[in-house]
Amino acid sequence: MKKLNYLKPLLNFFIIGLIITTLSRLVLFFIFNERVTLIEDYWRIFTIGFRFDVIMLCYLAVLPAALLTFLPSKVLSKLNWFFNGYFILFLFLFLFMELATLDFINQYDTRPNRLFLDYLIYPKEVIGMLVKSFLPSLIITGLFLGFALFFAFKYGKRVFYTQPAHYKTKLLFFPILAFVIFWGARSSLTTIRPVNASNAIFSSDQMTNSLGLNSLYTVAFAAYSLKNEGNVKKYGRMDEFEAYNRVKKYMDVTDFIDDEVPFLHIEKPDSIGKKYNVVIFLQESLGAEYVGILNGLPLTPEFDKLAQEGLLFTNLYCSGTRSVRGIESVVTGFLPNPSESVVKLSNSQQGFYTLADAFGKQNYDTSFIYGGLSNFDNMASFFNGNGFNNIIDETDFDNDGKKYAFKGVWGYSDEDLASKANDYFSSLGDKPFFSLMFSTSNHDPFEFPDGRIELYDKNKNTVNNAMKYADYSIGKFFELAKKEKYFKNTIFIVIADHNTRTFGKSLVPIHKFHIPALIIAPNVKKGSTYDKMASQIDIPTTLLALSGITTNSPMPGRNLLKLPDSTKGRTIMLFHETYAFKVDNEVIIINPNAAPLQFRVEKDSIFTPVKLNEELAKDALAHIIASSNLYQKRKYKIK
């Protein structure tokens with residue numbers, strides 16, 4: 001075996017890498033023990049984990065294995081610095097990602113993924129949030145990494161030192177080495193496709209499934225998947241026209257006016273005559289579980305009082321787990337695409353349908369008003385290219401010379417947003433307007449001004465207290481608006497973009513997608529409720545019908561206020577890469593590269609597996625295919 005000593009650096013790399021990932025998985029197992037052990041064969045996280053750890057290590061071993069084999073010993077002796085640096089770099093990344101995993105799971109109920117990459121491009125906001133909310137974790141992580149680097153540079157040269165070997169020996173052994181690495185990287189020789197993240201799904205608990213992976217793999221896989229942005233073949237295949245026809249079954253439209261834009265139809269107002277202003281007050285992370293009137297925590301006294309003045313949606317579900325998903329749904333009504341929100345995709349930065357586009361064509365003033373920086377999540381670019389004439393953000397607050405209540409990591413507080421928006425709407429006089437207001441305060445590290453609310457939690461900067469402050473600011477906005485002339489001619493909707501932490505023991509934690517929405521308008525009945533299950537994508541269609549304008553619309557959502565009682569409720573949800581299509585109490589779950597599953601759902605959290613309804617599964621897939629084709633072929637527009 002001495003003849004194979006030249007492979008010791010590679011073997012040591014594998015051993016240390018497996019120690020890092022296995023110890024991390026053990027720690028996570030003990031931390032989440034109560035939840036993980038509810039799964040009958042929970043031990044599989046370790047066997048699956050070992051498999052995926054080996055996959056990642058084998059991919060990383062390709063380059064050094066080739067160099068160790070084909071370079072002469074004299075050259076290799078001069079490249080010890082390279083092998084030392086290469087192995088230390090990737091072991092450092094393994095360790096860093098595992099150290100970051102616990103906080104990420106606590107926040108998003110899964111290992112680091114595409115979200116981790118998305119946040120890297122917003123260092124100002126993210127660093128501020130981390131320092132204020134996760135300082136102990138940052139310190140511990142820094143100490144761990146510091147010690148690791150110290151020992152790596154002290155002993156790395158010894159551990160990863162290349163040793164000479166006969167060239168003939170290396171060449172003879174290379175086929176075996178190549179086969180082992182190839183086998184390890186694919187993790188299978190019996191299937192056409194190599195193993196991927198979907199092979200880690202063995203339970204109905206998404207978080208438990210993710211423990212069977214390692215975080216460097218999940219982030220690397222997310223980065224690799226960016227090249228397939230918009231490619232939905234991993235969910236299944238379907239002719240695009242079949243997909244469009246299946247989606248049309250779920251719309252409340254019968255007359256479509258253009259084959260080139262599949263869902264284009266004339267959206268007529270519920271009542272002819274008066275045209276109304278429309279204001280969407282989008283609330284950051286306000287899940288139904290925090291809303292008193294929806295049987296949540298008693299954190300929303302202002303919202304609860306306002307519910308007596310308008311129409312409350314009691315059974316509404318958001319499309320995703322991020323703000324861009326909420327924006328996509330309430331502003332464009334677009335079917336959620338598993339690749340990414342259209343707010344961030346390149347093909348939708350111009351000529352993509354939005355409510356602002358529709359109202360702008362009716363000579364409305366259109367605006368986006370936000371206390372933070374509008375370049376976050378690409379919002380400014382998307383809005384600017386798609387009908388929003390005025391974008392008012394943190395820089396405008398900074399420069400208008402007015403004294404505001406509070407500025408935190410994510411921008412100006414919600415009450416400042418309320419004040420700014422009210423001033424802007426009042427300045428428009430008799431000009432009709434459409435506006436999207438977007439709150440910031442209910443976001444880690446949960447900063448807001450003192451003295452506004454009676455704290456629900458003893459410690460100030462908590463989710464519950466931020467929820468209560470956000471509610472205070474909703475009340476403040478309506479208090480200001482009611483004093484203005486524009487109020488009596490405006491349709492207001494207060495709606496959440498998504499819940500706060502979306503987690504649960506199901507493949508899709510449906511109960512965490514339940515959100516509030518409240519319409520206050522001259523043409524809705526005060527103190528009324530809409531109790532049928534509905535989707536966030538139905539809201540813009542409903543608002544358009546209430547607004548009094550007649551316009552073309554490509555939106556597949558329903559006008560909920562004219563929907564026949566016999567029509568079944570429908571909602572669509574995306575939980576990371578898992579797609580859920582729910583009709584009444586039946587839900588189809590589709591994961592990438594996996595067969596669809598069907599469950600009967602009770603109370604949004606009790607899932608009973610049932611025989612797959614093939615037609616319902618095709619309808620679910622149709623919504624994914626239709627969304628992708630509409631985006632790729634730029635068919636979501638008003639001609």
Is there a donor-acceptor pair under 3.5 Å between the side chain of [X] and the backbone N or O of [Y]?
| X | Y | result |
| --- | --- | --- |
| E284 | S439 | no |
| N465 | L455 | no |
| R325 | S323 | no |
| N593 | Y235 | no |
| S473 | E415 | yes |
| D457 | N459 | no |
| S627 | L335 | yes |
| S215 | T101 | no |
| S348 | V342 | yes |
| D416 | Y404 | no |

For K468 and E454, run salt bridge (Lys or Arg N to Asp or Glu O under 4.0 Å): C-alpha distance rounded to whole Å, both residues' side-chain angles, the deciding distance at 0.1 Å, then the answer. CA-CA 9 Å; K468 198 168 182 182; E454 182 180 344; 5.2 Å; no

For residues 525-534, which residue pairs qualify under salt bridge (Lys or Arg N to Asp or Glu O under 4.0 Å), counting only residues two or more places apart or in two chains? none

Quick check for you: to the nearest 0.5 Å, what is the distance between [X] atom [atom1] and [Y] atom [atom2]?
| X | Y | atom1 | atom2 | value |
| --- | --- | --- | --- | --- |
| F32 | L28 | CZ | CG | 6.5 Å |
| M533 | N315 | CE | CG | 7.0 Å |
| S329 | F334 | OG | CZ | 10.5 Å |
| L560 | T541 | CG | OG1 | 8.0 Å |
| N214 | S24 | CG | OG | 8.5 Å |
| Q598 | L616 | CD | CG | 5.5 Å |

Are the side chains of [Y] and [X] in contact, using a 4.5 Å heavy-atom criterion?
| X | Y | answer |
| --- | --- | --- |
| I588 | L612 | yes |
| Y469 | F446 | no |
| D471 | L299 | no |
| I391 | S367 | no |
| Y636 | T354 | no |
| F477 | F492 | yes |
| Q283 | V494 | yes |
| I572 | Q536 | no |

Go through E602 and F607 one step at a time and tell me if the side-chain contact (heavy atoms from CB on, under 4.5 Å) criterion holds. CA-CA 7 Å; E602 299 174 48; F607 284 61; over 6 Å; no

Checking side-chain polar atoms at under 3.5 Å, does [X] have a donor or acceptor matched by the opposite partner on [Y]?
| X | Y | result |
| --- | --- | --- |
| S285 | N442 | no |
| S137 | D103 | yes |
| T218 | R111 | no |
| N378 | Q349 | yes |
| S419 | N422 | no |
| Y290 | N464 | no |
| T529 | T314 | no |
| S413 | S441 | no |
| D414 | Y412 | no |
| E289 | N499 | yes |

Give a yes or no on whether a salt bridge exists between D377 and K344, defined as a side-chain N under 4.0 angstrom from a carboxylate O. yes

Cationic N near anionic O, under 4.0 Å, K407 to E447: no

To check you understand the geometry: which heavy-atom pair defines the closest contact between [X] and [Y], and what is its length?
| X | Y | answer |
| --- | --- | --- |
| P509 | F513 | O-CD1, 3.3 Å |
| A626 | V247 | CB-CG2, 3.8 Å |
| L574 | P336 | CD1-CB, 3.7 Å |
| G333 | I537 | O-CB, 4.0 Å |
| V279 | T490 | CG2-CG2, 3.9 Å |
| R322 | H498 | C-CD2, 3.2 Å |

R600/D584 under salt bridge (Lys or Arg N to Asp or Glu O under 4.0 Å): CA gap, chis, key distance, verdict: CA-CA 9 Å; R600 182 169 292 111; D584 273 2; over 6 Å; no

Establish, yes or no, whether the cationic atom of K460 lies under 6.0 Å from the six-membered ring centre of F448 and within 45° of the ring axis.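 Geometry flag: set, cation within 6.0 Å and 45°.
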
With K420 as the cation and F397 as the aromatic partner, state whether NZ or CZ is under 6.0 Å from the six-membered ring centre and within 45° of the axis.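 Yes; both conditions hold, so K420 lies above the ring face of F397.
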
In this structure, is the centre-to-centre distance between the rings of F368 and Y370 below 6.0 Å? yes

Do Y250 and H623 make the cut of ring centroids closer than 6.0 angstrom?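 Between H623 and Y250, which both carry aromatic rings, the centre distance is below 6.0 Å.
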
Quick one, L355 with V278, criterion side-chain contact (heavy atoms from CB on, under 4.5 Å). Give me CA distance, side-chain angles, the key distance, then yes/no. CA-CA 10 Å; L355 286 181; V278 176; 5.8 Å; no

Determine whether V331 and L436 satisfy the following criterion, side-chain contact (heavy atoms from CB on, under 4.5 Å), listing intermediate values before the conclusion. CA-CA 8 Å; V331 172; L436 171 67; 3.7 Å; yes

Walk me through whether F29 and Y42 qualify under ring-ring contact (aromatic ring centres under 6.0 Å, His included). CA-CA 10 Å; F29 168 74; Y42 65 86; 5.7 Å; yes

Carefully, step by step, assess D393 and N375 under the rule side-chain contact (heavy atoms from CB on, under 4.5 Å). CA-CA 9 Å; D393 72 354; N375 68 335; over 6 Å; no

Identified salt bridge (Lys or Arg N to Asp or Glu O under 4.0 Å) counterpart of D538 within the set R570, K562, R558: R570

